[in-house]
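Here is the structure we will look at.
Below, read A as the first sequence line, B as the second, and so on, with proteins coming before strands; counting in each chain starts at 1.
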Amino acid sequence: MPELPEVETIVRDLRPELTGRQIIKATLSHDDVLRDVTRQRLVRSLAGARIEDVKRRAKHAVFELDRGRLVIQPGMSGSFLIHDQDLTAEESKYAVLRATLDDGRILVYRDVRRLGTILLLNDGAWADYDAALGPEPLDASLRPAKFAARLGRSRAAIKKVLMDQRMVVGVGNIYANEALFAARIDPSRPATKVKPEEYRELLKHVRRILKAAITSKGTTLRDYRTGTGERGAFQFELLVYDRAGEPCRVCGTRISTTHEIDARSTFFCHRCQR
DNA sequence: ACGAGGTCCTGCGAGC
DNA sequence: TGCTCGCAGGACCTCG
């Protein structure tokens, strides 16, 4: 679920609530979301930690602590919410991580499918992790030529490459479909065959769409909620995603769908996108 | 070296 | 109604 706009929305909601707060106690309901950290170490490290800032990197929410970083990648169904009081049975069902704050509220990471991951990284480990991720698409220092050079090296389908977090971060299945439609590029085209001017257009539309989605607080298809529990609204602005068989907003041709690219659902207009 | 495909997990809707 | 199947916004791993 959460791609860049969704995680950005969550982080913007959480930051003012959490900055400066201290975690009194933390509990974890399932170990299978942990990566390179044991439950015992996570829980012990969080107890007493002060939250200095909350940031986003790629599709990760990064909680900067006075003792390292709690990094959560919400996967397909992860969400965050700050509760004022103890959780009801219903709210507890998918609560994976709970952190009780010094003001009595409880920060909860909820994840129905638990495909998300939780990491606890010191400065060195974070530097390595960060370095393995591609550039931020909204960072102005990512020039079109660099974008084209990075992606254009792969013979894989442009859609798969655009979603590869080592190439450029933050773009998932929804926004890859939307950006390729806007840039009029066939998602199955090998990235090596996409021309420099097309990469320029693609980057322009990736940026435009991600920014518009942030303005709309993300896309809620099912699980995604903002950091205050609201639904996003960008699902009403999607032009191709989940519109198989419906008319193209540009030319009226029926939108096509396939699973041939990386086994992910792809939506496109075979007339507009070449 | 790279691409294809399976894997992790639960819920939901479609179809029988 | 109740069951099975396929699919879901992500990313990792192994195999050939």
Contacts under 3.5 Å, N or O only, protein and nucleotides 2-5 of chain B:
residue	atom	partner	partner atom	Å
B/dG3	OP1	A/Ala156	N	3.1

query = Under 3.5 Å, is there a donor-acceptor pair between the side chain of A/Glu178 and the main chain of A/Ile209?
reply = no
Spacing between A/Arg110 atom CZ and B/dT10 atom P, to the nearest angstrom = 14 Å
A/His259 side chain, from C-beta outward: closest of B/dT10, C/dC12, C/dA8 = C/dA8
inquiry  = In whole Å, I'd like the distance from the CG atom of A/Leu34 to the P atom of C/dA11.
reply    = 18 Å
inquiry  = Counting only side-chain heavy atoms from C-beta out, which of C/dC12, B/dC9, C/dG10 sits nearest to A/Arg113?
reply    = B/dC9
ask   = What stem regions, each of at least 3 consecutive Watson-Crick or G-U pairs below 3.5 Å, can be found for DNA chain B?
value = B:2-8 with C:10-16, B:10-16 with C:2-8
request  = Answer with base, sugar-phosphate or nothing: what part of the nucleic acid does A/Asp111 contact at a heavy-atom distance below 4.0 Å?
outcome  = nothing
request  = Name the nucleic acid region contacted by A/Ser265, choosing base, sugar-phosphate or nothing; use a 4.0 angstrom heavy-atom cut-off, strictly under.
outcome  = sugar-phosphate
ask   = Under the salt bridge (Lys or Arg N to Asp or Glu O under 4.0 Å) rule, what pairs show up with a residue in residues 179-192 of chain A, not counting sequence neighbours?
value = A/Arg189-A/Glu198
request  = Would you mind checking if A/Glu64 and A/Arg15 are paired as a salt bridge, meaning a charged N to carboxylate O distance below 4.0 Å?
outcome  = no
query = Judged by atom type as modelled, is there a donor-acceptor pair below 3.5 Å linking the side chain of A/Asn122 to the main-chain atoms of A/Gly68?
reply = no
inquiry  = Would you compute the distance between atom NE2 of A/His205 and atom CD of A/Glu201 and round it to the nearest 0.5 angstrom?
reply    = 4.5 Å
query = Just checking, any donor-acceptor pair under 3.5 angstrom between side chains of A/Tyr224 and A/Glu3?
reply = no
Atom-pair distance (CG on A/Asp32; P on B/dC8), nearest Å = 11 Å
inquiry  = Can you measure A/Ile10 atom CD1 to C/dG10 atom C1' for me and round it to whole angstrom units?
reply    = 14 Å
ask   = When you check the gap from the basic side-chain N to the acidic O, do A/Asp262 and A/Lys159 get nearer than 4.0 Å?
value = no
note = Atom OH of A/Tyr129 and atom C1' of C/dC12 are separated, to the nearest Å, by 11 Å
ask   = Has A/Arg114 got a side-chain N or O lying under 4.0 Å from the OP1 or OP2 atom of B/dT10?
value = yes
remark   = Separation of C/dG10 atom P from A/Asn177 atom CG, nearest Å, is 10 Å
query = Would you call A/Arg110 and A/Asp223 a salt bridge, using N to O less than 4.0 angstrom?
reply = no
message = For a quick check of understanding: with a heavy-atom distance under 4.0 Å over all strands, which category does A/Tyr175 fall into, base, sugar-phosphate or nothing?
response = nothing
query = What is the distance from CE of A/Met163 to C1' of C/dG10, rounded to the nearest Å?
reply = 8 Å
Rounded P spacing from B/dC9 to C/dC3 in Å = 24 Å
message = Determine whether a donor-acceptor pair (N or O, by modelled atom type, separation under 3.5 Å) exists between the side chain of A/Arg57 and the backbone of A/Asp130.
response = yes
